Amino acid sequence: LLRIGVALLMLCKPRGAAAWRSLRPRLPAPTRALAAPARIPDDLPQVIPYLSVRGGRAALELYGKALGATLETESYTDDGKLIHGRLRFGNAVIMVSDDFEGGPAHTTEASPAVTVHLWTEDADALWARMLDAGFEAVFPLSDAFWGDRYGQLKDPFGHSWSIAHRMEDLSDGEIEARGKAFFAGMAAPEADASKETSSSSS
């Protein structure tokens with residue numbers, strides 16, 4: 001019987017090492033662990049202004065129309081409140097949501113503590129478009145001493161925006177010198193007015 005068994009084994013023997021390996025039990029291939037996502041997304045800036053508004057859908061439409069922003073994502077509650085919206089301005093991003101209980105609230109009556117600055121190719125054209133869309137001028141568009149065409153506005157939701165295009169590349173020293181001259185010029189009329197008031201009272 002032993003001889004018969006050996007003979008049968010020799011007859012059934014696979015030829016070559018590869019054939020012998022084929023008889024080994026096939027185990028499932030080990031699964032590779034998924035790579036952890038980047039903690040700071042590669043496609044987003046590291047600092048992003050997040051605006052709280054009353055009327056999120058209208059805000060997204062306004063910023064797209066007046067500022068030329070591209071809407072990247074938006075989501076709403078069943079009753080139409082904006083949970084989260086993201087807009088892109090070239091290489092920059094802002095996020096927007098409606099006011100929610102327990103979250104940051106903002107009203108048009110409040111004085112904004114933060115101003116969102118937006119670079120543009122043509123500040124005059126953007127300024128006109130923003131005024132047409134309902135923004136309110138706060139600081140008139142003008143040639144600023146630091147070399148920019150610059151102005152500030154307030155949007156209908158109470159947020160402060162500044163816009164500019166660069167006119168001159170100035171060094172820190174040049175900006176400092178121009179700034180001193182600018183503020184000295186502002187202080188001179190105030191000093192003259194104070195003297196006139198003192199003279200009239202005496």
Side-chain angles (χ1 to χ4, degrees), residues 38 40-74 82 84-99 104-190:
I40 300 175
D42 296 333
D43 59 337
L44 293 175
Q46 194 168 353
V47 177
I48 301 174
Y50 208 125
L51 308 185
S52 179
V53 300
R54 291 182 178 175
R57 190 186 299 272
L60 294 182
E61 293 175 356
L62 174 71
Y63 297 151
K65 175 184 176 182
L67 307 179
T70 300
L71 179 63
E72 291 193 330
T73 183
E74 58 182 327
L82 178 64
H84 175 73
R86 189 173 74 231
L87 296 159
R88 184 169 291 275
F89 302 78
N91 61 357
V93 167
I94 66 167
M95 297 179 180
V96 184
S97 75
D98 263 300
D99 284 347
H106 200 91
T107 67
T108 54
E109 293 79 19
S111 178
V114 175
T115 296
V116 182
H117 185 72
L118 180 62
W119 289 107
T120 179
E121 289 289 337
D122 187 341
D124 292 271
L126 178 57
W127 181 268
R129 196 162 68 241
M130 292 171 76
L131 292 178
D132 288 343
F135 285 69
E136 176 188 347
V138 175
F139 183 91
L141 186 67
S142 59
D143 296 344
F145 66 80
W146 56 88
D148 294 345
R149 181 76 171 158
Y150 175 89
Q152 285 186 18
L153 308 97
K154 185 178 181 181
D155 71 29
F157 305 96
H159 291 287
S160 175
W161 294 78
S162 61
I163 66 169
H165 67 242
R166 178 61 47 83
M167 298 188 303
E168 300 177 88
D169 286 319
L170 302 175
S171 68
D172 292 342
E174 289 172 320
I175 293 174
E176 183 179 2
R178 287 190 181 188
K180 288 179 179 179
F182 174 80
F183 288 110
M186 290 182 62
E190 294 179 1

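The basis for the numbers below is simple: all heavy atoms, side chains too, and nothing from hydrogens, waters or symmetry mates. Nothing here was measured: the structure is a model prediction, and the numbers come from that model.
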Completion exercise
By ring pair (Phe, Tyr, Trp, His ring centres under 6.0 Å), H117 pairs with (sequence neighbours left out) W119

Handout entry: pair L170-F145: side-chain heavy atoms closer than 4.5 Å
Key = no

Completion exercise
The complete set of salt bridge (Lys or Arg N to Asp or Glu O under 4.0 Å) pairs with one or both residues in residues 55-66, sequence neighbours excluded, reads none

Problem - Listed partners of H165 passing side-chain hydrogen bond (donor to acceptor under 3.5 Å, both in side chains), at least two apart - result: none

Practice task
Keeping to residues at least two apart or across chains, list the salt bridge (Lys or Arg N to Asp or Glu O under 4.0 Å) pairs with something in residues 156-179.
Solution key: D148-R166, R166-D169, E168-R178, E176-K180

Fill in the blank from the handout: Applying side-chain contact (heavy atoms from CB on, under 4.5 Å) to A133 and not counting sequence neighbours gives L62, A66, F135

Completion exercise
What one should report as the nearest heavy-atom pair of A59 and V96 is CB-CG1, 4.3 Å

Exercise for the section: Evaluate the side-chain proximity of L82 to L60: yes if any heavy-atom separation is below 4.5 Å, no if none is. Expected result: yes

Problem - Pairwise side-chain contact, Q152 with W161, heavy-atom cut-off 4.5 Å (strictly under) - result: no

Identify every side-chain donor-acceptor pair in residues 86-94 under 3.5 Å, counting partners at least two apart or on other chains, and give the distances.
from : atom 1 : to  : atom 2 : distance (Å)
R86  : NE     : E72 : OE1    : 2.8
R86  : NH2    : E72 : OE1    : 3.3
R88  : NE     : E72 : OE2    : 2.5
R88  : NH2    : D43 : O      : 2.8

Practice task
Would you indicate whether the side-chain heavy atoms of L126 and L118 approach each other to under 4.5 Å?
Solution key: yes

Handout entry: W146: partners by ring pair (Phe, Tyr, Trp, His ring centres under 6.0 Å), with sequence neighbours left out
Key = Y150

Exercise for the section: Starting from the C-alpha separation in whole Å, work towards a yes-or-no answer on side chain to side chain contact (heavy atoms under 4.5 Å, CB included) for L141 and L153. Expected result: CA-CA 9 Å; L141 186 67; L153 308 97; over 6 Å; no

Handout entry: side-chain contact (heavy atoms from CB on, under 4.5 Å) partners of A137, counting only residues at least two apart
Key = W127, L131

Exercise for the section: Using the test side-chain contact (heavy atoms from CB on, under 4.5 Å), find all partners of T115 that sit at least two apart in sequence or belong to another chain. Expected result: S160, S162

Practice task
Indicate whether the side chain of H159 and that of Y63 have a donor and an acceptor atom separated by less than 3.5 Å.
Solution key: no

Exercise for the section: Tell me, please, which residues at least two apart from E136 pass side-chain hydrogen bond (donor to acceptor under 3.5 Å, both in side chains). Expected result: none

Problem - Distance (rounded to the nearest 0.5 Å) between F157 CZ and R54 CZ - result: 12.0 Å

Practice task
Working to the nearest 0.5 Å, report the span between CG of L67 and CD1 of I163.
Solution key: 8.5 Å

Handout entry: salt bridge (charged side-chain N to carboxylate O under 4.0 Å, His left out) involving D143 - partner list, sequence neighbours excluded
Key = R149

